[in-house]
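First up is the structure itself, then whatever we jot down about it.
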Amino acid sequence: MHDDKQLVRETLNGSKDAFEMIINRYRTPLFNYVGRMVNDRELALDLTQEVFIKTYSSLHQYRAQYKFSTWLYKIASNLVIDMWRKKKIDAFSIDQVGPNDGERISMDIPDAEPSVDRRFELTEARRKIEDALQRIPAHLRELFVWRHVNEFSYEEMADIKNLPIGTIKNRVFQAKEMVRRLIEEKS
Amino acid sequence: MSCLDIEQIHLYLDGDLGPERMSEISAHLETCSACRGRVERRREFEEAARSLPLWELPRDFTRNLMARLYPEQAPLRTWLVTAAAGVSLLSVVLFTFFLLTGDTLGSLLLQISRGIPEGLHTVSVWAGKGLTLFSALVTVIRQLGQLILQGLGLLTSVLNPQVQVGLILLTMIISAGIFLGLRRVFHSGDRA
């Protein structure tokens, strides 16, 4: 199986098949990331296409010492931010600095009492998570999606965002607790 | 050991602590039901969060994107499909003409040039035959054309252009072979 760097080299040498393989490898995870960031299927489709087009046109700038997926998601993240800026979407800027950055998490959401703690069915739990995800700040939602949907390590996320690993972990924990709190509040 | 804070719980669930610290927490969880409950609820949450359903892309996503990235592909394929459909249609017309008349268009033109009155007569007879069969032939050709276009559309989406050109050439050679072979058979019948 071709690795990403080899496919990039072949694409730069004129192979269409190589870039098609890159698309097929990353289209679903990218679409799922972008989709959850914009929460609109058609817009997510357009943006996912734009990510690949931007990647293709910038491929000569890619440096092999970096992981290709990290570089690709950096492009995707910037395009999502640009789209929001163009549309002047105000709520929860994706690149804003979180309120608890650099601090230990102090947000301890009180757990429901065991007697009322419902072990709701997994499907229902997923639906509630999806719903709550759309109500947390975008810069936390992005990390939540990368961690749980795209299954990135903290190191990979730190590379994409150019942030210390500690900050990334803190934000991911914060995102999880916030989603849990929203689910608890709604139940 | 004191009860776990939220960060410790998440680090524990991630397995992101040293082995000694992991053992300490595991031991604490055996004796502290409050912490055990908090860890379990977060473990269930993690399980649900890690299995969120994937959004499915349309099947033609890659094809559409490749057409945007490599725009010369689309005109090439369109040209190939049009050319192939044209060649196929012409083959059908010539073949039908040959079956009806036992002659080729070339020889018809030769006859016309040799004697216009005789040629006109021949043409009018053929035109009568042709008109009778025209409507039926149009239906057949249209359906055949649609089938050919569908087949070629499928073929061009799967094969690269070089292979496509090769296949079209091969089809033309085989068609010509069949045409000439049938012509020989018909002519031997005429002689007999």
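Residue numbers begin at 1 in each chain, while the letters A, B, ... track the order of the sequences.
Considering all non-hydrogen atoms of both residues, P53(B) and R36(A) come closest at O-NH2, 2.6 Å. Minimum interatomic distance between N32(A) and W55(B) (heavy atoms only, all atoms of both residues): OD1-N, 2.6 Å. For R126(A) against L52(B), the heavy-atom pair with the smallest separation is O-CD2, 3.8 Å.
Heavy-atom contacts from other residues, nucleotides or ligands closer than 6.0 Å to CD of E185(A) number more than 12. For M172(B), the CE atom is loosely surrounded, since the number of other residues' heavy atoms within 6.0 Å does not exceed 12. Within a 6.0 Å sphere centred on NZ of K129(B), other residues, nucleotides and ligands contribute 12 heavy atoms or fewer.
Residues Y70(B) and F19(A) are in side-chain contact: their nearest non-hydrogen atoms beyond the backbone lie under 4.5 Å apart.
When D14(B), L11(B), L57(B), D16(B) are compared by the number of non-hydrogen pairs under 4.5 Å with chain A, L57(B) comes out ahead.
When heavy atoms are compared at a cutoff of 4.5 Å, I23(A) approaches chain B solely by way of its side chain, counted from C-beta outward. Both the backbone and the side chain of S51(B) come within less than 4.5 Å of a heavy atom of chain A. For R41(A), the parts lying under 4.5 angstrom from a heavy atom of chain B are both the backbone and the side chain. Of the atoms belonging to I129(A), it is side-chain heavy atoms, and not backbone ones, that fall under 4.5 Å from chain B.
From I9(B), atom CD1 reaches atom CZ of F173(A) across 11.0 Å, with rounding to the nearest 0.5 Å. For the atom pair CD of Q49(A) and CG of L69(B), the computed distance is 8.5 Å after rounding to the nearest 0.5 Å. The CZ atom of R63(B) sits 10.5 Å away from atom CD of E20(A), with the distance rounded to the nearest 0.5 Å. Separating the CZ atom in F45(B) from the NZ atom in K128(A) is a distance of 12.5 Å, to the nearest 0.5 Å. Interatomic distance, E44(B) CD to L122(A) CG, rounded to the nearest 0.5 Å: 9.5 Å.
Along residues 56-72 of chain A, the residues that come nearer than 4.5 angstrom to chain B, judged on non-hydrogen atoms, are Y56(A) in order of number. Among residues 144-154 of chain A, the residues having any heavy atom closer than 4.5 Å to a heavy atom of chain B are, in sequence order, F144(A), R147(A), H148(A), V149(A), Y154(A).
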>> One pair to check against side chain to side chain contact (heavy atoms under 4.5 Å, CB included): K169(A) and H10(B). What are the steps and the verdict?
In response: CA-CA 9 Å; K169(A) 282 184 185 175; H10(B) 285 298; over 6 Å; no
> salt bridge (charged side-chain N to carboxylate O under 4.0 Å, His left out) between E46(B) and K176(A): does it pass, once the steps are laid out?
Replying inline: CA-CA 9 Å; E46(B) 287 279 322; K176(A) 289 183 198 180; 2.5 Å; yes
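In the hydrophobic clustering of this structure, L147(B) does not group with L149(B); members are Ile, Leu, Val, Met, Phe, Trp, Tyr whose side-chain heavy atoms approach within less than 4.5 Å, directly or through other members. Under the 4.5 Å side-chain contact rule for hydrophobic residues, I178(B) and L170(B) share a cluster. Note: the hydrophobic cluster containing V87(B) also contains L169(B) (ILVMFWY, side chain heavy atoms under 4.5 Å, direct or indirect links). F134(B) and V140(B) are not part of a single hydrophobic cluster, where members link through side-chain heavy atoms under 4.5 Å apart.
Between the side chain of R180(A) and the backbone N or O of R42(B), no donor-acceptor pair lies under 3.5 Å.
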